[in-house]
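Everything below concerns the one structure shown next.
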Amino acid sequence: MNNDKAVVLIVEDNAIIRMSAVDLVLSAGYEALEAGDADEAIRILELRGDIDLVFTDVQMPGTMDGIKLSHYIRDRWPPVKLIVASGADIVDESMLPNGSRFFSKPYDELTITETMALLLSNEDPSTVVV
C-alpha cells in the first residue's frame with residue numbers, strides 16, 4: 001500500500017448510520033466515500049481505482065443486498081477488502097467471499113477500526129487470521 005490514506009467505501013441505505021460510519025472511518029485516519037445502495041457503490045468502484053476496503057450493510061434497496069455486492073466486488077475487484085454488517089441477519093462468514101469479515105449491528109466501533117487496520121495492513125486477505 002502506498003503512503004496515501006486508505007480509501008473506504010461505506011455502503012449503507014440508512015443516512016444516520018452511514019454518517020456515523022463515515023465519522024468512524026475518518027476518525028480512524030482513512031478517506032471515506034459513501035453509497036446509499038449497491039448500484040451506487042458499483043458506479044463509484046468503476047470510477048475510482050483507489051478503493052481499498054468496502055464496508056457494507058446487508059439489507060439494502062436496489063438490485064442486490066450486501067452479500068451479493070461483496071461477491072460481485074470480490075469477483076470484479078479482487079484486492080478490495082470487505083467488511084459486511086447487519087442489524088437483522090446473522091451471516092455466517094462462509095456465505096461471504098474469502099477474507100471478508102461480518103459484524104452484527106450494533107457493532108463495537110473499536111472492533112471495526114481494528115479490523116479495518118488489520119485488513120488494510122495485510123495485502124493477502126487469505127492470510128488474515130481472526
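Heavy atoms only: backbone and side chains are in, while hydrogens, waters and symmetry mates are out. All values reported here derive from a predicted model rather than from experimental measurement.
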**OP:** Mind checking salt bridge (Lys or Arg N to Asp or Glu O under 4.0 Å) for Glu114 and listing every partner two or more places apart, or none if nothing turns up?
**Re:** none
Subject >> Min side-chain heavy-atom separation Phe102-Ser86 under 4.5 Å >> reply: yes
Subject >> Min side-chain heavy-atom separation Arg101-Leu82 under 4.5 Å >> reply: no
Subject >> Contacts of type side-chain hydrogen bond (donor to acceptor under 3.5 Å, both in side chains), residue Thr63, not counting sequence neighbours >> reply: Asp39
Subject >> Whether Ser100 side chain and Leu96 backbone form a donor-acceptor pair below 3.5 Å >> reply: no
Original post:
For residues 56-73, which residue pairs qualify under salt bridge (Lys or Arg N to Asp or Glu O under 4.0 Å), counting only residues two or more places apart or in two chains?
Top reply: Asp57-Lys105
**OP:** Would you check if Met60 and Glu12 make a side-chain contact, meaning some heavy-atom pair closer than 4.5 Å?
**Re:** no
Subject >> From OG1 (Thr111) to CZ (Phe103), nearest 0.5 Å >> reply: 6.5 Å
Original post:
How far apart are the closest heavy atoms of Leu33 and Arg48, and which atoms are they?
Top reply: CD2-NH1, 3.4 Å
**OP:** Determine, using the 4.5 Å side-chain heavy-atom cutoff (strictly less than), whether Leu24 and Leu119 are members of one ILVMFWY cluster.
**Re:** yes
Original post:
Taking all atoms of both residues into account, what is the closest heavy-atom pair of Leu110 and Thr113, and its distance?
Top reply: O-OG1, 3.0 Å
Subject >> Sequence neighbours excluded - side-chain hydrogen bond (donor to acceptor under 3.5 Å, both in side chains) pairs with any residue from residues 17-28 >> reply: Arg18-Glu34
Original post:
Looking at Ser70 and Val84, what are the two nearest heavy atoms and their distance?
Top reply: CB-CG2, 4.2 Å
**OP:** Evaluate the criterion side-chain contact (heavy atoms from CB on, under 4.5 Å) for residue pair Val11 and Asp37; output intermediate values, then yes/no.
**Re:** CA-CA 6 Å; Val11 189; Asp37 59 36; 5.6 Å; no
Original post:
Which is it for Ile44 and Leu47 under the side-chain contact (heavy atoms from CB on, under 4.5 Å) test, yes or no, and what are the steps along the way?
Top reply: CA-CA 5 Å; Ile44 292 169; Leu47 292 171; 5.8 Å; no
Original post:
Of all heavy-atom pairs between Met64 and Ala38, which one has the smallest distance, and what is that distance?
Top reply: CG-CB, 3.3 Å
Subject >> salt bridge (Lys or Arg N to Asp or Glu O under 4.0 Å) against Arg43, all qualifying residues, sequence neighbours excluded >> reply: none
Subject >> Pair Tyr107 and Phe55, ring centroids less than 6.0 Å apart >> reply: yes
Original post:
In chain order, what residues pass the ring pair (Phe, Tyr, Trp, His ring centres under 6.0 Å) check against Tyr30, with sequence neighbours excluded?
Top reply: none
Subject >> From CD1 (Ile42) to CG (Leu9), nearest 0.5 Å >> reply: 10.5 Å
**OP:** Would you check, one step at a time, whether the test side-chain contact (heavy atoms from CB on, under 4.5 Å) holds for Leu45 with Ile73?
**Re:** CA-CA 9 Å; Leu45 283 156; Ile73 291 168; 3.7 Å; yes
Original post:
Ile67 and Tyr72: same hydrophobic cluster, using ILVMFWY side-chain contacts below 4.5 Å?
Top reply: no
Subject >> Qualifying residue for side chain to side chain contact (heavy atoms under 4.5 Å, CB included) with Val8, from Lys81, Glu31, Met116 >> reply: Met116
**OP:** Identify the two heavy atoms, one from Ala41 and one from Leu69, that lie closest to each other, and give their separation to 0.1 Å.
**Re:** CB-CD2, 4.2 Å
Subject >> same_hphob_cluster(Ile51, Val22) at 4.5 Å side-chain heavy-atom cutoff >> reply: no
Original post:
Can any side-chain N or O of His71 pair as donor or acceptor with the backbone N or O of Met95 at less than 3.5 Å?
Top reply: yes
Original post:
Could you go step by step and tell me if Ile83 and Leu53 meet the side-chain contact (heavy atoms from CB on, under 4.5 Å) rule?
Top reply: CA-CA 8 Å; Ile83 296 178; Leu53 187 146; 4.1 Å; yes
Original post:
Are more than 12 heavy atoms from other residues, nucleotides or ligands located less than 6.0 Å from atom CD1 of Ile16?
Top reply: no
